[in-house]
Each structure stands twice: as C-alpha cells, then as structure tokens.
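Each remark here refers to the structure printed beneath this line.
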Number of protein chains: 2
Amino acid sequence: MAVTIQEVARAANVSPSTVSNVLNGRDSRMLPETKVRVEQAIAQLGYRPNRAARQLRTGRIQMLGLVVPSVANPFWGTFAQLVESVALRSGFRVLLCNSERDPQREAEYLEELWADGVSSVLLCSSLPSISHVQPFLERGMTIVAFDRTSQLGDPPSLTNVSVDNSLGAQLATSHLLELGHRRLAFVSGRVHSVNRKERLDGFLSTVDRAGIAANEVLVWKDSGSGRAGDLDAAEVGRAAARELLSRPCPPTAFVATNDMFAIGVCAGVRDAGLRVGADVSVVGFDDIMLADLTFPALTTIRQPLPGMAAATVDYLLDGAAGQPGQSVLMRPELIVRASTGRCATGESQ
Amino acid sequence: MAVTIQEVARAANVSPSTVSNVLNGRDSRMLPETKVRVEQAIAQLGYRPNRAARQLRTGRIQMLGLVVPSVANPFWGTFAQLVESVALRSGFRVLLCNSERDPQREAEYLEELWADGVSSVLLCSSLPSISHVQPFLERGMTIVAFDRTSQLGDPPSLTNVSVDNSLGAQLATSHLLELGHRRLAFVSGRVHSVNRKERLDGFLSTVDRAGIAANEVLVWKDSGSGRAGDLDAAEVGRAAARELLSRPCPPTAFVATNDMFAIGVCAGVRDAGLRVGADVSVVGFDDIMLADLTFPALTTIRQPLPGMAAATVDYLLDGAAGQPGQSVLMRPELIVRASTGRCATGESQ
DNA sequence: CTGTTAGCGCCTTCAT
DNA sequence: ATGAAGGCGCTAACAG
C-alpha cells in the first residue's frame with residue numbers, strides 16, 4: 001500500500017539502513033552524494049516513514065498527553081491551544097484528556113497513555129495529593145504538573161509549573177485595599193486544590209497585614225452539590241454574591257478565585273441591585289479571554305499563559321531529562337479594568 | 001520491559017496465538033476453560049497489549065483526529081470535550097489539531113494524522129471548498145465534516161453533520177420581527193464559510209418575506225485585517241455595532257452570526273450609550289456556555305451540541321462504513337433571554 | 001562508507 | 001481446539 005523504506009532503498013540504489021540513516025540525520029555515515037540520491041528518492045516516491053513501525057522498534061512516539069480538567073473551560077481551552085501549537089513545533093502531536101479533576105480518571109488516562117506508548121504527559125491537576133501518579137513516574141513516564149506548586153511529599157522527579165498564586169492574590173487584594181475597601185469577601189468553590197488554597201491564603205494574609213478585623217472578612221467556600229464541574233463556577237459565584245450581599249454588613253469588594261467565579265459574582269451583584277465597578281468592586285484571577293468582554297470588563301490577575309505553555313512543554317520534552325523535579329513559579333500581573341476602575345478611594349464604604 | 005503476549009502464553013500454558021484469540025474475542029476457537037486460564041494469566045501479570053505492534057500488524061489504531069479552528073474558542077472547546085468523552089466510550093483517544101481555519105494547515109494536519117495511522121478524522125471546517133481533503137478520502141481516510149452542510153461538487157464519500165443554519169437564522173430574525181423591530185442588522189466577520197452564508201441568507205430571506213425594505217437592513221461583513229482569529233470576533237462585533245449605530249438610520253436590532261460576535265455587539269451597543277435589551281435587541285447563535293452569563297444574558301439560537309457530538313462520532317466510527325456521504329442537519333432552538341426579552345412590541349422604533 | 005542481519009510484539013493464515 | 005511460522009516497516013548493531 002504505502003511506500004516503504006525498502007522501495008526507497010531500491011530506487012536510490014542503497015540499502016534500507018542507509019535510508020534510515022538519512023532519515024535520522026546520521027549524515028557522517030554516508031557520502032554527501034548518496035544522501036542527495038536518497039533524498040531525491042524519498043521526495044519522488046512521496047515516502048513517509050511508518051510511525052507504528054518506528055515506535056515498535058524504538059519505543060518512542062512523538063506524542064504527548066495533555067490532561068486538563070475540561071477543555072470546555074475557556075482557560076483550559078486557551079492553554080490547550082497554546083500547548084498544541086508549541087508541541088507541534090517540536091513535531092509532537094497532542095492527545096487530549098479531560099479529567100474532570102477526578103484522580104481516578106487521571107490515573108486511567110495515564111494508563112491509557114502509557115499503553116499507547118506516550119511517555120510525556122502534561123498533567124493539569126491541582127489536587128493536593130498526586131500519589132496516584134507515582135507508579136507512572138516509576139515506570140519511566142515523564143510528567144510535568146501544571147497549575148500546581150510542589151508540595152511536601154511530592155515524588156522528587158515531578159516537575160511543577162504554576163503561576164505564583166499567593167502573589168497574585170496579594171496583588172488583587174492590595175488593589176482593593178488601595179481603593180479604600182475595608183469589607184472584603186473571597187469567593188471560591190470548594191478549596192480542594194492547592195492553587196485555590198494559595199490564593200485564599202494570599203488574600204487572608206494581605207487583609208490581615210492591612211489590619212482588617214477578621215469579622216470584616218467573608219470567605220465563601222461552596223461545598224458543591226457533588227459535581228466538581230468547571231462550568232458551574234459562575235453559578236456558584238452568582239449565588240455566593242447574592243447571599244453575601246444580603247447579610248447585615250455586606251462586603252464592598254470581592255476577590256474571586258478565578259474569572260469564572262468572578263463573572264458569576266458580577267451577575268450576583270447585579271441581581272442584588274448594585275452596580276459592579278461603582279457600588280461594588282470585583283477582581284478575578286486568570287485573565288481569560290472573556291474578562292475584557294464582560295460588562296463591566298473584569299479587573300483580574302493575568303497568568304502569562306503563552307510563556308507558561310512554552311516553558312511547560314519545554315520541560316516536558318527537553319528540560320525534564322536534564323533536571324527533573326524542578327518547581328517553576330511564573331509571575332502574575334494585575335490588569336485593572338472597569339470592575340474596579342471606577343471606585344474612588346473611600347467612596348466604597 | 002513490559003510484559004508481552006509470549007509471557008502470558010507461557011504462564012497460561014498455551015501458545016501466543018491462543019492468547020491473541022482471547023484478546024480478540026474469538027471465543028469459538030478455544031475451550032471455555034482455556035479462556036479462563038488465559039484471562040487469569042493476563043490479570044495476574046497485568047498484561048496490556050502493545051498497541052504499536054498491533055497497529056503495525058493490523059494497520060488500525062484506536063485514535064481519531066479532531067480538527068477544530070481553535071479550542072480556545074469556547075464553542076469548540078465545549079465540542080472537543082463532548083467528542084472526547086463520546087470517543088472514549090468506544091475506546092478511542094483523540095488527537096487535537098487547531099487549524100485556524102486555514103485549508104493548508106488542515107491538509108498538513110491530515111497528512112500528519114495519516115502518517116500516524118489515524119484514519120478517522122472529525123473535521124470542523126466550514127470552508128466552501130474542501131477539495132483539499134479529496135486526496136485523503138481517496139487514500140481511504142474516513143472524514144466527517146462538522147459544521148458544514150454538503151455543497152455541490154463535494155466528494156461523494158464525505159459525510160456532513162451540521163445544525164440547520166438557515167432555520168436558526170430564521171428563528172432569530174422572526175423573533176426580532178415579532179418584537180416589532182423593523183430596522184435590523186446582521187453582523188458577521190468575513191462570510192468565508194458556508195454556515196455564515198447560510199445564516200446570512202436565512203436572515204435576508206426572513207426580513208424579505210416580512211416585507212422589510214432592503215434599505216432598512218444593514219449587513220456587516222468585516223473584511224478582517226488578515227488574521228481569521230476566532231478570538232477577534234468579539235472585537236469585530238463591537239466595532240460593527242458602534243459603526244452601525246452611528247449611522248443616520250441606526251438599526252434597533254442585531255442578529256449576530258455567532259455568540260462571540262453578539263457579545264461584542266452588546267459591548268458596542270453600550271459604547272454607543274444604549275441599553276441592550278431595552279433600547280436595542282441582540283440575538284446570537286450557538287448558545288455557548290457564556291451566553292447566559294453575560295450582561296444582559298444573551299438571546300440566542302442553541303445548537304444541540306451533545307447530540308451533535310454523539311452523532312458525529314457515531315458516523316465516524318460506525319455509520320460511515322455503512323453509508324458514507326450522508327448529510328445530517330440538526331435542529332436548532334431559540335433561547336429567549338434578556339438581550340431581547342425586555343423589548344416590548346412596537347417600542348423599538 | 002555501506003550492506004546484512006536480527007528482531008521490536010502482535011496477528012493471522014495454515015497445519016496439526 | 002491449539003500451535004507453528006511468517007511478516008508488518010523500521011532501526012541499530014555489527015560486518016565488510
């Protein structure tokens with residue numbers, strides 16, 4: 001059916017090994033003219049190496065596994081897009097896996113990927129324990145965890161890439177404090193992941209440092225109705241804002257654990273008859289594409305996603321071989337938009 | 001390294017062929033007790049067949065290619081998520097490809113997929129001509145085009161799955177007419193794709209049938225600044241709305257070719273100092289997850305994505321073998337929300 | 001510098 | 001009902 005290395009060899013009057021050598025850049029093992037002849041034959045016949053055969057022989061495959069909670073979530077969709085385009089430059093294809101943040105599904109995916117010969121996996125998981133990946137590391141899988149800082153007891157060969165969540169939360173909170181807010185709320189879903197915990201801690205430590213009394217600070221951790229859906233975040237945020245604003249001493253500013261919650265919070269603020277950016281300030285986290293399309297545009301903490309995607313794939317494909325077990329923290333940036341922009345200092349009490 | 005079929009055979013006191021037969025469900029060729037013995041050995045040793053070897057031998061691989069314009073676009077992200085979960089149920093993994101709507105990149109991806117032994121491709125492309133896929137169909141690739149109705153001159157073996165765009169646009173437009181609007185605008189990016197053309201035609205035929213004079217109807221087809229980015233849609237919509245509203249006889253209602261444009265249009269309406277849902281009505285298309293989180297929530301035409309994803313994967317993995325070249329049109333549904341809900345009849349002039 | 005050789009792990013006739 | 005044997009297309013020793 002398809003043209004094989006044998007036929008190329010015949011057409012170029014060389015042996016299959018020589019063709020293989022050309023294919024694999026072992027130029028020193030042949031005359032330049034031989035190489036030219038082989039390359040011509042390859043072009044003429046339209047030869048493409050059979051990757052299954054190559055994989056069977058070498059054990060290597062030019063694919064990486066990308067495990068995300070859900071590509072339907074715009075944050076992960078954007079990340080997946082970036083990862084795919086970076087990987088492609090190195091000749092790697094991307095196998096998509098949606099884990100729904102379920103450790104068991106994560107493990108099942110790793111098993112599948114391993115069975116497919118995929119030994120490089122970019123795991124987007126922020127679960128505190130990742131003991132379930134240990135067996136795969138031991139079998140020789142290279143795993144880089146994204147969106148998760150390294151934790152005590154982590155396998156030493158696991159590399160982590162994440163934004164500095166604590167710093168991000170501090171930037172968000174400081175911004176609100178500088179605007180004159182004194183009654184702040186933090187809105188999040190279940191704080192099951194280390195990044196949410198870090199963001200919450202960053203928030204708490206900042207308000208504390210500013211001398212704000214603990215009873216001025218509200219923290220909403222939705223226990224969830226079972227489903228850990230990424231897509232319910234906005235609804236949770238909305239309900240949280242409504243509830244918090246109906247209390248005796250309602251907050252005047254909200255920090256949300258991510259933009260989807262923040263968008264929901266904005267909706268909840270409107271439900272309560274208040275204006276976002278005027279009566280109440282809201283800050284998100286991530287700077288997803290939609291953050292500046294909502295009304296009002298969302299002040300948020302930007303993750304430098306393109307750089308993070310590039311760095312992560314780099315570690316996965318090259319770096320990890322050199323220095324596994326590293327932990328990389330990327331720098332977030334405060335992006336001020338209308339959801340806080342129009343609150344004058346002191347006005348918000 | 002890994003355990004092979006040979007070792008299982010030895011452990012079960014049978015030949016490799018028998019193990020293979022067990023693996024492939026050829027039960028009739030062995031005693032039930034033999035089968036049990038083999039299965040025990042498989043479980044005991046934790047044997048997983050080597051897929052590269054299997055692929056090399058059979059030419060088949062349990063993967064499908066998913067080519068989308070961009071997973072960063074929430075519509076495609078949602079679709080990708082659904083496709084992956086449906087495919088998984090049939091034991092298929094998904095290779096992700098972002099085409100950016102570029103026919104050349106599409107062809108390159110198909111080439112890559114073919115080289116990887118992937119012979120089932122779900123191509124989300126709405127380009128009018130798909131002559132570039134013809135060679136792959138001829139080589140034996142199964143391709144189902146999603147989001148594209150079949151066109152004259154299409155390769156006969158190409159199956160198409162799409163929503164009924166014309167009907168959707170009619171639903172959207174009728175809704176606005178029933179609300180009393182008489183000066184309507186249609187906002188789209190470049191109308192390069194057949195679905196955009198169908199939506200535009202559905203809009204035009206509906207206003208025409210309602211006896212609206214052609215000069216009351218505005219159509220905005222952004223020529224684009226070169227980049228066909230899915231993510232610029234909102235910006236285009238915003239600029240379009242601003243421009244159209246500044247004309248002498250501004251429209252009172254907008255139909256957008258999809259929700260991202262519609263979200264942009266809403267922003268543009270606000271830029272012009274008008275209120276969406278009160279002064280001006282906006283209808284989108286797709287019903288992406290964000291449609292009911294924006295402010296105001298977006299009236300839109302829902303595509304039944306879960307069913308569409310299931311049907312498409314079905315055709316790709318089973319159906320296409322039986323009856324290739326089919327064309328499937330799914331039924332859209334009008335979802336009324338606040339972006340049109342609060343416009344009383346007749347008030348909008 | 002180039003060719004020969006021996007598998008990688010599996011499936012699949014064809015014998016037995 | 002089971003086994004033996006060959007080969008899918010490629011790479012990597014090892015000869016020459």
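Note on naming: letters A, B, ... go to the chains in the order of the sequence lines (proteins, then strands), and numbering restarts at 1 for each one. Side chains included, hydrogens not; waters and symmetry mates left out as well; all remaining heavy atoms used.
Toward the 5' end of DNA chain C, the nearer of the two residues Leu56(B) and Thr18(B), judged by each one's closest nucleotide, is Leu56(B). Sequence order on DNA chain D of the closest nucleotides to Arg26(A) and Val14(B) puts Val14(B) first from the 5' end.
Here the side chain of Ala53(A) is nearest to one of dC10(C), dC10(D), dC1(C), namely dC10(D). Checking dA12(D), dC1(C), dT12(C) against the side-chain heavy atoms of Thr58(A) singles out dA12(D) as nearest. Set against dG9(D), dT2(C), dG3(D), the side chain of Thr34(A) has dT2(C) as its closest nucleotide. Distances from the side chain of Met30(B) to the nucleotides dT2(D), dC10(C), dC10(D) place dT2(D) closest.
The existence of a salt bridge linking Glu111(A) and Arg139(A) is confirmed by a sub-4.0 Å separation between a basic side-chain nitrogen and an acidic carboxylate oxygen.
Close to dC8(C), at under 4.0 Å from its OP1 or OP2, lies no side-chain N or O of Thr4(B). In this model, the phosphate group of dT4(C) is not approached by any side-chain N or O of Ser17(A) to a distance below 4.0 Å at OP1 or OP2. Of the side-chain N and O atoms in Arg29(B), none sit less than 4.0 angstrom from OP1 or OP2 of dT12(C).
The interatomic distance linking Arg37(B) (CZ) with dT2(D) (C1') rounds to 11 Å, in whole Å. Between the CZ atom of Arg57(A) and the C1' atom of dT5(C) there is a distance of 11 Å, given to the nearest Å. As rounded to whole Å, 12 Å separates atom P of dG9(D) from atom CZ of Arg10(A). Summarising the geometry, the separation between CG on Asn21(B) and P on dG9(C) is reported as 20 Å, rounded to the nearest angstrom. If you measure from atom CD of Glu7(A) to atom C1' of dC10(D), you get 14 Å, rounded to the nearest angstrom. Distance, Arg48(B) CZ to dC10(C) C1': 16 Å, rounded to whole Å. Between Ile5(A) atom CD1 and dA12(D) atom P there is a gap of 11 Å when expressed in whole angstrom units. Rounded to an integer number of Å, the gap from CG of Leu45(B) to P of dG9(C) is 15 Å.
Heavy atoms of Pro16(B) sit nowhere under 4.0 angstrom from any nucleic acid atom. At the heavy-atom level, Arg60(A) lies under 4.0 Å from the strands shown only through sugar-phosphate atoms. Residue Asp27(B) is out of contact with every strand shown, counting any heavy-atom pair closer than 4.0 Å. Backbone-only engagement by Arg54(B) is indicated by non-hydrogen atom pairs under 4.0 Å involving sugar-phosphate atoms exclusively.
Interatomic distance, CG of Leu95(A) versus OG of Ser120(A), reported as 11.5 Å (0.5 Å rounding). A distance of 12.0 Å separates CG of Asp314(B) from OG1 of Thr159(B), quoted to the nearest 0.5 Å.
The aromatic rings of Phe146(B) and Trp76(B) sit perpendicular, their planes meeting at an angle over 60°, well past the 30° parallel limit.
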Verdict with supporting geometry, Ser162(A) and Asn160(A), side-chain hydrogen bond (donor to acceptor under 3.5 Å, both in side chains): CA-CA 7 Å; Ser162(A) 168; Asn160(A) 294 273; over 6 Å; no
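A donor-acceptor contact shorter than 3.5 Å links the side chain of Gln55(B) to the backbone of Asp116(B).
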